[in-house]
Structures are given as structure tokens and as C-alpha cells.
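Beneath this line is the structure, given in C-alpha cells, with notes to follow.
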Amino acid sequence: MTHVKVRFAPSPTGSLHIGGVRTALFNWLWARHERGTFILRIEDTDRDRSTDEAIQIILDGMKWVGLNWDEGPYRQTDRIGLYRDRAMQLLERGKAYWCVCSADELEMRRKEAQAKGLTPKYDGRCRDRGITQPTGDAALRFIAPQEGHTVVEDLIKGTVTFDNAVLDDLIILRSNGYPTYNFSVVVDDALMGITHVIRGDDHLNNTPRQIPIFQALGHPIPRFGHLSMIMGADKAKLSKRHGATSVLAYKEMGYLPEALINYLVRLGWSHGDQEIFSLQEMIDHFSFDHVQKSAAVFNPDKLLWMNAQYIKQSEPARIAALLLPFLDQVGVGDAARKAPDGWLAKLVTLFQERARTLVEMAQAAVPYLQEPIEMDADAAVKLLTSAIAPALEKLAERFQAAPDFSHAPLEEVFKQVIEEEGLKMGQLAQPVRLAVTGRTASPGLFEVIELLGRDRTLARLRKGIARAKRGNA
RNA sequence: GUCCCCAUCGUCUAGCCUGGCCUAGGACGCUGGCCUUUCAAGCCAGCAACACGGGUUCAAAUCCCGUUGGGGACGCCA
């Protein structure tokens, strides 16, 4: 029984996006399922595009979704010596050679080939030059096999066969001395003892290029598993064009990390008909047998539904804590912080079934924290009429006298009033709801009133009454 | 252009490997209903798919071939 070791290896050239998180998730799940090791490795060998800021964003994103790593984060730029060392070994063993073709030249030849409808491939013109001590800029190329086939037994795709004739001698060391991706991944995967390389579909074509490098390095070849891509509604690979792709953007939009994770795991993986999974369930059931081979379209509606499910299930106190920054954004954060202990959690319970995101919840919570409230003017014209004013006044008096200001007895009081006044529930409930919340839609009226408490309820009711009296009959 | 991958409701998917249990199941969304003090939630119902063509077989969503369609890769990016 070998100890499973997997890695997530993002490059810090932008934000951590949804697709990256899914790749990380599947690696993480496999590691946890197998009680193996999950490594985080930052592939920053592109000096021009990698930034420290992007590294921080990746770390923050990983932490937010809870994908904790056992080793790392390693940074490839801290390991440059390792790659150079291995590259020189390959050179000495005759498995690599110096190439003095300039980047511009290569670019030109590539374009030419493409224009002629040929496969753009390095022609190998430096392969036999035998350059031992390059004077100017030179890159080191790996001697790729040209005969036979390379077969990959992919954990997800099954057997994939490549004709080695399509392989070209790829650069493993740039003329600036930095290794290229295809080389540094192999060196690291080899040195770190990675047993399973789980990565995006877009790397499938790199696999036959990397396998010979493992061999040249004298290292066993890991298992590979290539996950299908996530696409936007237009069926193209998910990118910035598709709006929110950064994980942290979902945090800001009021999503719960566990909802995002649950949504993502179902994008390409299934366990029968089950939709909602606890982390432990995912870990227990995860295997590559049930990973989908085909690409999946990202469906924001289903994510929203998933988030609503998790909001409903969560502890009110936890949601209340997470809600605070969102309340700040709608200007009622301070009011919420001043509320008595547990009050905000109580408010949360009223909206857990009514909000799909924390942003929605914060917006819905405004009338319960803001003073004075905003009144829906159109609704006021319709509902706060002089005809209803007497009933409202009676209700206000009874509420004022109510010994117990909690929802059940208040509802009794209310029912008495409508009976005495010969009204139907809705005839009085809607005007009261409007007076008390400023809106025509709210959680259960009596829960709302209980939450607001006697003073605020009565003050708002009286304002409503005043308006009703002024209003038209 | 070349190489590689993929193909079940609009979307995510079950079923495929190990053909009959499939009159193709579930979920999101949509539509209608119930519940109801509003809005939700919940419950019930409905709409909706095996890309196409050939084989193999008593029998194909399932196996094989082809076509078409989609995606990805062809960098001194990762």
C-alpha cells in the first residue's frame, strides 16, 4: 500500500479561479480519502507574470474554502538550483542539448508553419550541432523520443495513446536560466514523490512530453488523472469573460464556502442521486470511478440554490457573525453590533429560509436595524388608509397593554382585534406589516414584531396610524 | 491545419465497464397546484434528453465502426 501524495500547483499569475479550486478540491479529496498527503506548490517560474500578490490571493482563497494543505506552500523559484542541477545532469547524459535559436526566430518559423497548414513543431536544427559551451543566449532542450508510442493509463480518461512523432524537443531551461513548466513540474513531482497527478484536461497533451522526462531522470512515473474543464454558459473554457471566476469574489457575493465546495464537487463527480454532501461524506465516497469525463457548464442558479440550502442548515449564530460585514455594506452594521446578545442570531433565523446569499440577507435585514425605516410609498397609499386607521389604533392599544410581547400571545391579541372589527387576517396584517417594516413582504408578522420589541413596534405603528389618518378613505 | 479528449432533459447528472430490471431516474431552473397574514421555505404535479448513421445481438442509452458537433492543446506561459 503506497502512501498517496498529491499536489495542487497553481501559477500565481492571477486570481484563484473556480476551475482551480475544483482541481484543488479533487486532489484534496483524494488525499483525504486515502489518508495521504496534499501538497501546495506555487509554480512561479514565469518571472514576468508571477506576483507575490497573486500568491497571497491563492493562499487566502484556499483558506477560505477550507482546503488545508499538509506540505508547502513550496515556491519553485526557491528551488531553481534543483532544476538547473537536473537539467545539467540530462545534458551530461546526452538527453538534452543547447539550442541557440532565438525566440524571435522560433516565433517566425512557427507562424510560417501554421500559415502553410503544417504542425508547428521545433525542427530540431540544433539537435546535432553539439554545442557544448554556448557563448550567447542559449536554451536547453530535452531530446524527445520520436519513435513509437506513449500510452497513458489515465485515472479518468482511460487509456490514451500518443504517437511520439508529434513530440518535439521542448525547452527545459530558458536562456535566462529559469526552468520551463514542463520541466519544473516533472522535477518537483519526481522529487516530492507525487503518486497521483490530478490536473486539468488542458494538460493531457503535456503528459506524453513529461513521461520521457521522468524516465530520463530515472524516476518512476506517477499515475495521471485529467479532470474535464469547467465551461461558461457559452461552452468555452471558464475565464474572466464569464464574470465572477475568482473564489474570493464568491465570498464577497455572500456565498458560504461549503456551498461553493459542494456545488463544485458535483460538477463532474457524483454519488448516485445525492446532491448535498458533508465534507466527510465527500471524503468517504470520493473515487475516480465516478468522475465525469466530459466538460461541465457552470450553472450559477444551482450554486445559488446550493447556497440557500447551506444558509438554511447553518447555525444562526455563525451566520450572524458572517453577516456583519455585509450589514456594514448596507449601512446597518453598527446598529447590529449595538443590539443585545443573540438578537442578530434571532433575526437570522427569520431570514434563513428567505435569503439565498448573505448579501440578500443583509438587504432584507435593513428595516429591522435602520431608524427611521424607508416606507414603500405606493403600498402606503393602498394599505394605510383612513378606513383601516381605527383597527390599527385598537391594535396598538392592545399591543401596548400586552403582558407578554412574544409572537404567540401577540397573534392571539391580533386575532381578537380582527374578529371584533370584522376583518380578515390579510386586511389588517398587510397594513401592519407595512407600518412596521415599510415593506409588503417580510417574515411572519408576529415574529417580526417580537423581534422589533414593544417600543419600536408601537412607534412604527403610531407613525403608520398617523399616515393612515392623513390618507384617503 | 495537426494531435488529444468528449457526447443522456436548457444546465448538473444516474444508468454505460458487467447489454434485458429504462415506459431512461434524480437535481437546478421553468410552469401549475397545495399550504398561507405577505414573501419565502416546504409538499405535489407537469414540461423536458439517450447527437446522427451503420453494424454486433433474440435484445443496444449501454458493445464496435463511421459521421457530425463541442472542447482542449500545439510558447524560452502554466
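The sequence lines fix the lettering, A, B, ..., with proteins before strands; numbering per chain opens at 1.
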Pairwise C1' distance, rC16(B) and rA49(B) [rounded to whole Å]: 16 Å
Rounded distance in Å between the P positions of rC58(B) and rC43(B): 47 Å
Distances for protein N/O vs nucleotides 63-65 of chain B N/O pairs under 3.5 angstrom?
none

Atom NZ of Lys394(A) with >12 non-hydrogen neighbours under 6.0 angstrom: yes
Nearest-angstrom distance, P atom, rU36(B) to rC50(B): 41 Å
Asp46(A) side-chain proximity, nearest of rA78(B), rA73(B), rC3(B): rA78(B)
Taking every non-hydrogen atom, the tightest pair across Ile373(A) and Ala435(A): CD1-O, 3.7 Å
Integer-rounded Å distance: rU36(B) C1' and Glu447(A) CD: 13 Å
Approximate separation, where rounding is to 0.5 Å, of Asp189(A) CG and Arg7(A) CZ: 4.0 Å
C1' gap between rA78(B) and rG15(B), integer Å: 37 Å
Parallel, tilted or perpendicular: ring planes of His285(A) versus His271(A), cut at 30 and 60 degrees: parallel
Touch class at under 4.0 angstrom, heavy-atom based, for Lys424(A) against every strand present: nothing
Contact under 4.0 Å: Arg110(A) side-chain N or O vs rC76(B) OP1/OP2: yes
Whether Glu421(A) side chain and Leu423(A) backbone form a donor-acceptor pair below 3.5 Å: no
Presence of Lys293(A) side-chain N/O under 4.0 Å of rC5(B) phosphate oxygens OP1/OP2: no
Euclidean distance, atom CG of residue Asn307(A) to atom P of rA41(B) [Å, nearest integer]: 14 Å
Leu227(A) CG to rC6(B) P, straight-line distance once rounded to whole Å: 14 Å
Aromatic ring proximity Phe446(A)/Phe414(A), centre distance under 6.0 Å: yes
Phosphate OP1/OP2 of rA78(B): any Thr45(A) side-chain N/O under 4.0 Å: yes
5' precedence on RNA chain B between Asp44(A) and Met425(A) (nearest-nucleotide basis): Met425(A)
Could you run down the sub-3.5 Å N/O contacts of the protein with nucleotides 12-14 of chain B?
from: rC12(B); atom 1: OP1; to: Val297(A); atom 2: N; distance (Å): 2.9
from: rC12(B); atom 1: O2'; to: Arg266(A); atom 2: O; distance (Å): 3.0
from: rC12(B); atom 1: O2; to: Lys302(A); atom 2: NZ; distance (Å): 3.4
from: rU13(B); atom 1: OP1; to: Gly268(A); atom 2: N; distance (Å): 2.5
from: rU13(B); atom 1: O3'; to: Ser270(A); atom 2: OG; distance (Å): 3.3
from: rA14(B); atom 1: OP1; to: Ser270(A); atom 2: OG; distance (Å): 2.7
from: rA14(B); atom 1: OP2; to: Gln292(A); atom 2: OE1; distance (Å): 2.8

Interatomic distance, Leu350(A) CG vs rA40(B) P [rounded to whole Å]: 16 Å
His203(A) ring center within less than 6.0 Å of Tyr181(A) ring center: yes
Euclidean distance, atom CD1 of residue Ile418(A) to atom P of rU38(B) [Å, nearest integer]: 12 Å
More than 12 heavy atoms from other groups under 6.0 Å of CE on Met425(A): yes
For rU37(B), the Watson-Crick or wobble partner whose two distances fall under 3.5 Å: none
d(CD1, Ile230(A); C1', rG71(B)) in whole Å: 14 Å
Nearest heavy atoms of Tyr83(A) and Pro179(A), plus distance in Å: CD1-CG, 3.4 Å
Distance, rounded to the nearest Å, where Phe414(A) contributes CZ and rU38(B) contributes P: 11 Å
Distance, P atom - from rU38(B) to rG33(B), rounded to whole angstrom: 15 Å
rG71(B) and rC65(B), which share atom name P, separated by this distance in whole Å: 24 Å
Distance (rounded to the nearest 0.5 Å) between Ser175(A) OG and Trp98(A) CH2: 9.5 Å
Geometric class of the His226(A)/Phe224(A) ring pair [parallel <30°, tilted 30-60°, perpendicular >60°]: parallel
Which atom of Tyr122(A) lies closest to which atom of Cys101(A), heavy atoms considered: OH-SG, 3.5 Å
Pairwise P distance for rA45(B) and rC28(B), with rounding to whole Å: 14 Å
Sugar-phosphate, base or nothing in reach of Cys99(A), heavy atoms under 4.0 Å: nothing
rC47(B) versus rC6(B) - spacing of their P atoms, nearest Å: 34 Å
Who pairs with rA59(B) - Watson-Crick or G-U, where each distance is under 3.5 Å: none
Whole angstrom value for the distance that separates P of rG72(B) from CG of Asp201(A): 10 Å
Sugar-phosphate only, base, or nothing, as touched by Pro443(A) at under 4.0 Å among non-hydrogen atoms: base
Partner nucleotide, any strand, of rC50(B) [Watson-Crick/G-U, under 3.5 Å]: none
Side chain to side chain contact (heavy atoms under 4.5 Å, CB included) evaluation trace for Ile18(A) with Leu264(A): CA-CA 8 Å; Ile18(A) 293 297; Leu264(A) 252 21; 3.6 Å; yes
Pair assignment for rA73(B), Watson-Crick or G-U wobble, requiring both distances under 3.5 Å: rU2(B)
Sugar-phosphate only, base, or nothing, as touched by Phe446(A) at under 4.0 Å among non-hydrogen atoms: base
5'-most by nearest nucleotide on RNA chain B - Trp305(A) or Thr119(A): Thr119(A)
Short side-chain to backbone donor-acceptor contact, Thr437(A) and Arg439(A), under 3.5 Å: yes
Touch class at under 4.0 angstrom, heavy-atom based, for Ser184(A) against every strand present: nothing
Pairing partner (Watson-Crick or G-U wobble, both distances under 3.5 angstrom) of rA24(B): none
Of residues 202-214 of chain A, the positions that come close to RNA chain B - non-hydrogen atoms, cut-off under 4.0 Å: Asp202(A), His203(A), Leu204(A), Asn205(A), Asn206(A)
Sugar-phosphate, base or nothing in reach of Leu106(A), heavy atoms under 4.0 Å: base
Qualifying residue for ring pair (Phe, Tyr, Trp, His ring centres under 6.0 Å) with Phe26(A), from Trp269(A), Phe286(A), Phe38(A): Phe286(A)
Distance test, side-chain N/O of Lys312(A) to OP1/OP2 of rG42(B), below 4.0 Å: yes
Sugar-phosphate, base or nothing in reach of Thr180(A), heavy atoms under 4.0 Å: sugar-phosphate
Strand partner of rU31(B), provided both Watson-Crick or wobble distances fall under 3.5 Å: rA45(B)
